[in-house]
Structure formats: C-alpha cells, structure tokens
Chemist: 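Attaching a single structure in structure tokens format; questions to follow.
Residue numbers count from 1 along this sequence.
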Amino acid sequence: VEQVLKLTLFNDTEHPIAPVAATYRLPLLFGSFEGVRHVALINIGAKRQIFSNLSISAGIRNTPIYQAGDLFFAVEVDFMMDGKIQRLWVCTTRKQPEKTEAVPRDKAMVAGPYEPGAFQAAEAKWEPMKNPATLLPSWIRIPGSDNVKEFAVRLKIRVERAADYPFHVNAGSVKALYLNGNAIPLKPFPRMLNLQAGSNELVTVFAGRGERMLSVSKEGNPNLPLTIE
C-alpha cells in the first residue's frame with residue numbers, strides 16, 4: 001500500500017502568493033530520504049488552493065526502533081507575500097501500532113526488587129519488562145528508584161545447536177548469573193555461555209537501576225542476538 005503525505009494550502013488573501021516551496025521533514029522511519037524532501041509548488045492565486053502529494057513508501061525502515069511511538073511530520077512552506085519572505089509551519093502526527101521482535105529489549109522478563117543477595121529463583125515472580133522501543137535490541141532498562149536494590153532479568157534463549165555463544169552484558173553491575181538453573185561463577189567473568197540445543201534460561205541479577213546491555217549473540221554482534229522466546 002502506497003503511503004502518501006497530502007498537503008493542502010489555501011490562500012485566503014486578495015493577492016497571489018509566489019513563489020511557493022515546501023520542505024518536508026520526515027521521521028527517521030523513512031530512511032531513504034535522509035529525513036528531508038524539497039518540493040517546488042505552483043503559485044497560489046487569490047482565494048485559491050493548491051494540493052501536493054508526496055509518496056513516502058520507498059525505503060521504509062522495518063524495525064521497531066524507528067517505528068516506535070507517534071510519528072511526527074513537519075513541512076516548512078516558504079513564500080513571498082507583500083514583498084516579504086514568509087514561512088509557514090505545518091505539522092501533524094501519526095500513531096503507530098506497537099511492534100516487537102524476538103530480542104532482549106522486547107522479550108526480557110523481570111523480578112524484584114530484592115535486598116542485596118536475596119534473590120531466590122524458586123520464589124521469583126516474573127513480569128514482562130517495560131523497555132522503550134527506542135532502545136537498541138540488546139539493551140534493557142532496569143526499573144527501580146535507587147541503586148541499592150537488585151532486580152533479576154530472565155531471557156529464554158533458543159538455539160539450534162549446542163555451542164559456546166558470545167555473552168554481552170555490563171559486567172560491573174551483575175551480582176549473580178544462572179544458566180538453566182545452575183549458578184555461574186563471576187570470577188573470571190564469563191564472556192561465552194555454553195548453551196544446549198533448544199531452549200535455555202538465563203537469569204542475570206543486576207544491582208541498581210538504569211539501562212544495561214544484556215544479549216547473547218551468534219557471531220559477536222550484541223544487536224543481532226540469538227532468538228529470545
């Protein structure tokens with residue numbers, strides 16, 4: 001389905017307006033246009049209107065980080081009137097449906113807060129994390145109001161074959177690691193995780209709040225993570 005921006009301009013004066021030029025400023029979702037399109041429009045006669053249709057279907061970035069939240073569009077309309085240069089801004093927004101991917105940002109679960117060292121897997125009450133879609137796929141946002149309490153974050157990772165896979169995390173804030181129910185020593189800190197074929201459960205206990213990287217990848221790029229269920 002072709003996506004088109006439609007602009008209508010009406011000259012409500014007794015004098016013609018000329019020349020008219022429109023500069024469209026588009027959301028990053030429309031990457032092939034680098035965010036800016038310049039369009040020359042015809043003059044607008046007195047008490048007349050003109051129409052402009054701009055196709056924006058080509059080059060749409062099909063990833064949630066660009067599609068998240070309301071899309072904001074703006075058009076600068078430049079023209080001469082009464083011998084003076086004038087500028088009119090026309091703005092609009094479009095609501096976007098939420099989209100998710102099989103990545104840590106969208107599929108991670110969280111439990112807590114806990115006092116330091118108090119996390120017990122058997123008693124954990126897991127809830128979906130509320131991570132902003134504007135985060136990179138490998139990033140999560142730890143909730144909370146202080147840097148003392150701890151939160152546990154769970155990833156369910158599916159792989160086709162058993163192997164060691166690169167592990168990406170802000171190690172300084174990690175207080176405990178569990179893979180398939182087994183505690184993993186933090187010294188030396190693991191840079192690879194040995195995953196079994198099928199589904200794996202990784203639980204990472206973080207201290208403090210804020211944004212953290214948490215990802216397991218196939219080839220070393222944290223933003224191309226293994227499938228998170």
Chemist: Taking all non-hydrogen atoms of both residues into account, name the closest pair between Val174 and Asn170 and its distance.
Modeler: CG2-O, 3.6 Å
Chemist: Is there a path of hydrophobic side-chain contacts, each under 4.5 Å between heavy atoms, that joins Val90 and Ile56?
Modeler: yes
Chemist: Which atom pair, heavy atoms only, marks the closest approach of Ser215 to Ser138?
Modeler: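 Closest heavy-atom pair between Ser215 and Ser138: CB-CB, 3.7 Å.
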Chemist: Measuring from Asp12:CG to Ile17:CD1, what's the distance to the nearest 0.5 Å?
Modeler: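 So the CG of Asp12 and the CD1 of Ile17 are separated by 9.5 Å.
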Chemist: Among Arg158, Glu229, Lys156, find the one that has a side-chain hydrogen bond (donor to acceptor under 3.5 Å, both in side chains) with Ser199.
Modeler: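 It is Glu229, the one option of Arg158, Glu229, Lys156 that forms the side-chain hydrogen bond (donor to acceptor under 3.5 Å, both in side chains) with Ser199.
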Chemist: Could you tell me if the side chain of Pro128 sits less than 4.5 Å from the side chain of Met109, heavy atoms only?
Modeler: yes
Chemist: Mark yes when over 12 heavy atoms from residues, nucleotides or ligands other than Arg94 sit less than 6.0 Å from its CZ; otherwise mark no.
Modeler: yes
Chemist: Can you name the nearest heavy-atom pair linking His168 to Ser217, along with the distance?
Modeler: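 In this case the closest contact between His168 and Ser217 is NE2-OG, 2.8 Å.
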Chemist: Quick one: pull up CD1 in Ile228 and CD1 in Ile157 and give me the separation to the nearest 0.5 Å.
Modeler: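 It is 4.5 Å, given to the nearest 0.5 Å.
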Chemist: How long is the straight-line distance from OG1 of Thr227 back to NZ of Lys107, given to the nearest 0.5 Å?
Modeler: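 Between Lys107 NZ and Thr227 OG1, I get 11.0 Å after rounding to 0.5 Å.
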Chemist: Count I, L, V, M, F, W, Y as connected when their side-chain heavy atoms are under 4.5 Å apart, and connections chain through other members. Are Met80 and Val39 then in the same cluster?
Modeler: no
Chemist: So which heavy atom on Ile140 is nearest to which on Ala108, and how close?
Modeler: CG2-CB, 4.2 Å
Chemist: Can you check side-chain contact (heavy atoms from CB on, under 4.5 Å) on Tyr114 and Val205, steps first, answer last?
Modeler: CA-CA 10 Å; Tyr114 299 98; Val205 179; over 6 Å; no
Chemist: Do Leu155 and Val103 belong to the same hydrophobic cluster, where Ile, Leu, Val, Met, Phe, Trp and Tyr are linked whenever their side-chain heavy atoms lie under 4.5 Å apart, directly or via other members?
Modeler: no
Chemist: Could you pull out all residues at least two apart from Pro113 that satisfy side chain to side chain contact (heavy atoms under 4.5 Å, CB included)?
Modeler: Lys149, Phe151
Chemist: Set out, in order, the CA-CA distance, both residues' side-chain angles and the distance that settles side-chain contact (heavy atoms from CB on, under 4.5 Å) for Leu5 and Val75, then state yes or no.
Modeler: CA-CA 10 Å; Leu5 281 180; Val75 186; 5.8 Å; no
Chemist: Would a 4.5 Å heavy-atom cut-off, applied to side chains only, mark Ile85 and Asp78 as touching?
Modeler: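 No, every pair of side-chain atoms sits at 4.5 Å or beyond.
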Chemist: Asp146: which residues meet the salt bridge (charged side-chain N to carboxylate O under 4.0 Å, His left out) condition with it, sequence neighbours left out?
Modeler: none
Chemist: Any side-chain to backbone donor/acceptor pair from Glu150 onto Gly117? Under 3.5 Å, distance only.
Modeler: yes
Chemist: For residues Phe206 and Leu214, determine if any side-chain heavy atom of one lies less than 4.5 Å from a side-chain heavy atom of the other.
Modeler: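 Contact flag for Phe206/Leu214 side chains = yes.
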Chemist: Using 0.5 Å steps for rounding, measure from the CG atom of Leu29 to the CZ atom of Phe72.
Modeler: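 Spacing of CG (Leu29) from CZ (Phe72) equals 15.0 Å.
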Chemist: Once the angle between the rings of Phe30 and Phe73 is folded into 0 to 90°, is it parallel (under 30°), tilted (30 to 60°) or perpendicular (over 60°)?
Modeler: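 If you compare the ring of Phe30 with that of Phe73, the planes turn out tilted.
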Chemist: Test of understanding: clusters of I, L, V, M, F, W, Y form through side-chain heavy atoms closer than 4.5 Å, transitively. Do Tyr165 and Met213 belong to the same one?
Modeler: no
Chemist: What residues, two or more places apart in sequence or in another chain, satisfy side chain to side chain contact (heavy atoms under 4.5 Å, CB included) together with Met192?
Modeler: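 Expected list: Asp164, Pro166.
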Chemist: Taking a hydrophobic cluster as the set of Ile, Leu, Val, Met, Phe, Trp and Tyr residues connected by side-chain heavy atoms closer than 4.5 Å, whether directly or through intermediates, do Leu9 and Tyr24 fall within one such cluster?
Modeler: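 Yes, because Leu9 and Tyr24 connect within a single hydrophobic cluster, where side-chain heavy atoms sit under 4.5 Å apart.
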Chemist: Of the non-hydrogen atoms in Ala176 and Leu186, which two are nearest, and what is the gap between them?
Modeler: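 Closest approach of Ala176 to Leu186: N-CD1, 3.9 Å.
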Chemist: With side chains defined as the heavy atoms from C-beta onward, is the minimum distance between Thr13 and Asp82 less than 4.5 Å?
Modeler: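 The answer is no, as the side chains (C-beta and beyond) never meet within the 4.5 Å cut-off.
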Chemist: Considering residues, nucleotides and ligands other than Lys218, do more than 12 of their heavy atoms fall under 6.0 Å from its NZ?
Modeler: no
Chemist: Check whether any side-chain heavy atom of Leu177 lies under 4.5 Å from a side-chain heavy atom of Leu202, and answer yes or no.
Modeler: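 When only atoms from C-beta onward are counted, Leu202 and Leu177 do touch, with a gap below 4.5 Å.
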Chemist: Do you know which two heavy atoms are closest between Leu179 and Asn194, and how far apart they sit?
Modeler: CD2-O, 3.3 Å
Chemist: Any side chain to side chain donor-acceptor pair (under 3.5 Å) involving residues 173-184? Give me the pairs, sequence neighbours left out, ordered by first then second residue.
Modeler: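 Checked against side chain to side chain donor-acceptor pair (under 3.5 Å) - neighbours excluded - the pairs reaching residues 173-184 are Ser173-Arg212, Asn180-Asn200.
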Chemist: State, with a plain yes or no, whether a side-chain heavy atom of Met129 is found less than 4.5 Å away from one of Arg141.
Modeler: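 No, their side chains stay 4.5 Å or more apart.
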Chemist: Can you pull the side chain to side chain donor-acceptor pair (under 3.5 Å) pairs that have at least one residue in residues 121-132, sequence neighbours excluded?
Modeler: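 Residue pairs with at least one partner in residues 121-132: there are none.
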Chemist: Under 4.5 Å between any side-chain heavy atoms of Phe79 and Gln86, yes or no?
Modeler: yes
Chemist: Please enumerate all residues that pass side chain to side chain contact (heavy atoms under 4.5 Å, CB included) together with Thr23, with sequence neighbours excluded.
Modeler: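 Side chain to side chain contact (heavy atoms under 4.5 Å, CB included) check on Thr23 returns Arg25, Val36, His38, Glu76.
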Chemist: Could you check whether Thr8 and Gln49, counting side-chain N and O atoms only, form a donor-acceptor pair closer than 3.5 Å?
Modeler: no
Chemist: Considering only heavy atoms from C-beta outward, does the side chain of Leu195 approach that of Leu226 to under 4.5 Å?
Modeler: yes
Chemist: So how far is it from Ile60 CD1 to Gln3 CD, rounded to the nearest 0.5 Å?
Modeler: 4.0 Å
